[in-house]
Amino acid sequence: MALRFYNTLTQRVEDFAPAEDNTVRMYSCGPTVYDYAHIGNFRTFTFIDILRKWLRASGFRLNHVMNVTDVDDKIIRNAAAQGKNLADYTGTYTKAFLEDCALLRLERPERLVPATQHIDDMAEAIQRLGAGHHTYTSDGSVYFRISSFPGYGKLSHNDFSGNLSGARVDLDEYEKADARDFALWKAPKEGETFWDTAIGPGRPGWHIECSVMAIKYLGETLDIHVGGVDLIFPHHENEIAQSESLTGKPFSRFWLHSEFLMVEGQKMSKSLGNYYTLRDVVARGHQPEAIRYLLASVPYRRSLNFTFEGLKSAGTAIDRLRNFKLRLATDRYAEGANEQLAARTAAASQAFTASLNDDLNTAEALGAVFEYVRDANSAMDSGEFRAGNRADALEFLERFDAVFDVLRPATAGGASDADIEALIAQRTEAKKARNFARADQIREQLLEQGVVLEDTKAGVRWKRK
RNA sequence: GGCGCGGUAGCCAAGUGGUAAGGCUAAGGUCUGCAAAACCUUUAUCCGUGGGUUCGAUUCCCACCCGCGCCUCCA
């Protein structure tokens with residue numbers, strides 16, 4: 001089955017391929033660096049990472065740009081409150097964001113672009129919009145005139161036509177000509193950071209940065225634009241209005257939006273105060289891989305209710321997969337190959353592909369993996385698993401992990417492998433002498449150091465917990 | 001009010017016009033010196049409610065109920 005995605009623009013699932021030369025031109029809305037990102041934010045960033053990895057696994061090359069919003073009202077307010085300049089303030093949270101991404105194994109986009117490094121580009125774009133009669137100025141601020149763009153509302157599927165014609169108000173009394181018009185450029189306020197540009201002093205509105213940076217680095221029509229569902233309106237709608245007014249071409253062929261992370265039945269958000277940062281969750285002793293797994297395991301278009309119980313079960317599920325991988329590497333198998341099992345491996349691998357191709361159905365893809373793990377474990381128990389089946393199995397696990405990326409343990413640390421193996425040798429001696437008390441003592445000792453032993457027919461197998 | 005998403009076992013969750021994947025949890029069992037790991041068995045006559053279409057619907061249609069989101073900053 002071909003790769004396909006649900007496109008918010010058309011409200012349909014459509015076959016996907018990049019427009020040109022096998023390279024996917026993708027833009028994603030990144031963080032506003034005014035605070036630590038919370039795990040709701042990371043739900044979307046994890047989805048984007050899964051998308052990246054699956055696109056690459058599907059044979060495409062990537063050119064992915066993500067912005068960093070490093071100027072907005074909250075940033076200005078918070079920086080001022082802390083007596084810091086903007087760059088220092090946003091630098092702190094940009095760095096924190098990148099550290100958090102690394103912890104969750106989120107790949108860096110090909111380009112990470114800060115808004116403040118593109119102010120002149122934005123001013124120039126606003127000028128061009130003005131030349132095309134899409135803007136008007138009021139008290140030094142520049143607004144986009146929505147009535148100048150006939151397609152307004154096509155992404156969010158809202159009909160603004162009645163609203164626009166009926167709701168005109170006097171320009172002198174109201175700063176905006178229509179309630180839906182939005183700021184492209186904000187006049188400087190007393191004591192606030194501003195930039196001197198071709199269109200005068202001020203700072204950019206929120207939406208213009210994405211249009212300008214996306215077009216600058218990716219061209220006039222993107223293959224994919226992604227973000228959370230809350231950005232559909234007004235942010236992405238406004239991006240379309242700006243970009244298409246600028247270029248006369250469709251801004252993005254595909255629009256993919258991820259649903260929310262919920263907590264206790266409500267959207268996790270800063271303003272509601274019901275949020276956890278990644279740091280909060282890790283501080284409670286949860287592995288970042290478990291968080292990644294949990295965020296990835298529910299398909300991106302379904303809202304995901306976050307609970308610590310769910311997080312714990314994600315950790316257990318990963319353990320199961322890791323145990324399987326370890327067993328695959330350490331068990332001894334009879335020569336030859338089991339054809340039936342080989343066929344099942346191939347079928348599972350195909351099912352995995354078909355699931356992810358179907359609009360990234362991660363839940364179904366995981367189903368294929370676990371079903372296979374059960375079959376393979378079962379075959380190992382019964383001796384039907386042969387040496388010739390190992391390579392296929394490992395390859396399938398690698399295909400899985402190239403997308404989900406949860407099998408590799410975070411960090412080693414603690415006792416060295418040699419020390420651990422020396423103790424295991426001592427324990428094996430003790431067991432031979434049927435000195436089980438001593439053997440158990442060593443096992444306990446290792447467990448305290450985070451090392452778990454498993455006695456198997458092929459000898460002692462160990463792993464770090 | 002407009003637009004959008006969802007209601008499937010204790011929890012999470014997939015899914016199809018032909019009779020319910022998978023993960024976690026729980027109980028019992030096999031294996032083991034004991035563990036660990038693994039495997040097996042058991043847990044939804046039923047998929048929010050009421051109608052309709054159909055030989056047959058959880059899956060299609062209609063109505064209704066409930067939850068959530070966007071419409072203002074927001075992943």
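All heavy atoms count here, side chains included; hydrogens, waters and symmetry mates do not. Sequence lines set the chain letters: A, B, ... in the order given, protein chains first and strands last, and positions in each chain run from 1.
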Output one letter per nucleotide in nucleotides 3-8 of chain B: B when a protein non-hydrogen atom lies under 4.0 Å from the base, S when only the sugar-phosphate is that close, - when neither is. SS-SS-

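- Legend: residues meeting salt bridge (charged side-chain N to carboxylate O under 4.0 Å, His left out) with A:K74, ordered by chain and number and at least two apart, are absent.
- When the P atom is compared between B:rA35 and B:rU41, the two are found 23 Å apart, to the nearest whole Å.
- In this structure, the salt bridge (charged side-chain N to carboxylate O under 4.0 Å, His left out) partners of A:R4, at least two apart in sequence or on a different chain, are A:D358.
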Would you tabulate the side-chain donor-acceptor contacts of residues 348-355 of chain A under 3.5 Å, counting partners in other chains and residues two or more places apart, or write 'none'?
unit_1: A:S349; atom_1: OG; unit_2: A:R399; atom_2: NH1; d: 2.5
unit_1: A:T353; atom_1: OG1; unit_2: A:S349; atom_2: O; d: 3.1
unit_1: A:T353; atom_1: OG1; unit_2: A:R399; atom_2: NH1; d: 3.2
unit_1: A:T353; atom_1: OG1; unit_2: A:R399; atom_2: NH2; d: 2.6
unit_1: A:S355; atom_1: OG; unit_2: A:A351; atom_2: O; d: 2.9
unit_1: A:S355; atom_1: OG; unit_2: A:E364; atom_2: OE1; d: 3.0

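- A salt bridge between A:D49 and A:R105 is absent, with no side-chain N of the basic residue lying under 4.0 Å from a carboxylate O of the acidic one.
- Sequence neighbours left out, not one pair with a member in residues 306-318 of chain A passes salt bridge (Lys or Arg N to Asp or Glu O under 4.0 Å).
- Take A:E192 and apply the salt bridge (charged side-chain N to carboxylate O under 4.0 Å, His left out) test, not counting sequence neighbours, and it matches A:R203.
- Every residue two or more places apart in sequence or in another chain was checked for a side chain to side chain donor-acceptor pair (under 3.5 Å) with A:D392, and none qualifies.
- Closest approach of A:Q426 and A:R438 over heavy atoms only: OE1-NH2, 3.0 Å.
- Side-chain contact of A:K267 with A:N274: a donor-acceptor pair under 3.5 Å is absent, judged by distance alone.
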Expected rows: protein N/O vs nucleotides 40-44 of chain B N/O, under 3.5 Å:
none

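- The side chain to side chain contact (heavy atoms under 4.5 Å, CB included) search around A:F308 returns A:Y276, A:V281, A:R284, A:H286, A:F306, A:L311, not counting sequence neighbours.
- Looking at residues 69-80 of chain A, you'll see A:K74 sit with a heavy atom under 4.0 Å from some atom of RNA chain B.
- With sequence neighbours left out, the salt bridge (charged side-chain N to carboxylate O under 4.0 Å, His left out) criterion links A:D375 to A:R344.
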Would you list the protein and nucleotides 25-28 of chain B atom pairs, both N or O, that sit under 3.5 Å from each other?
none

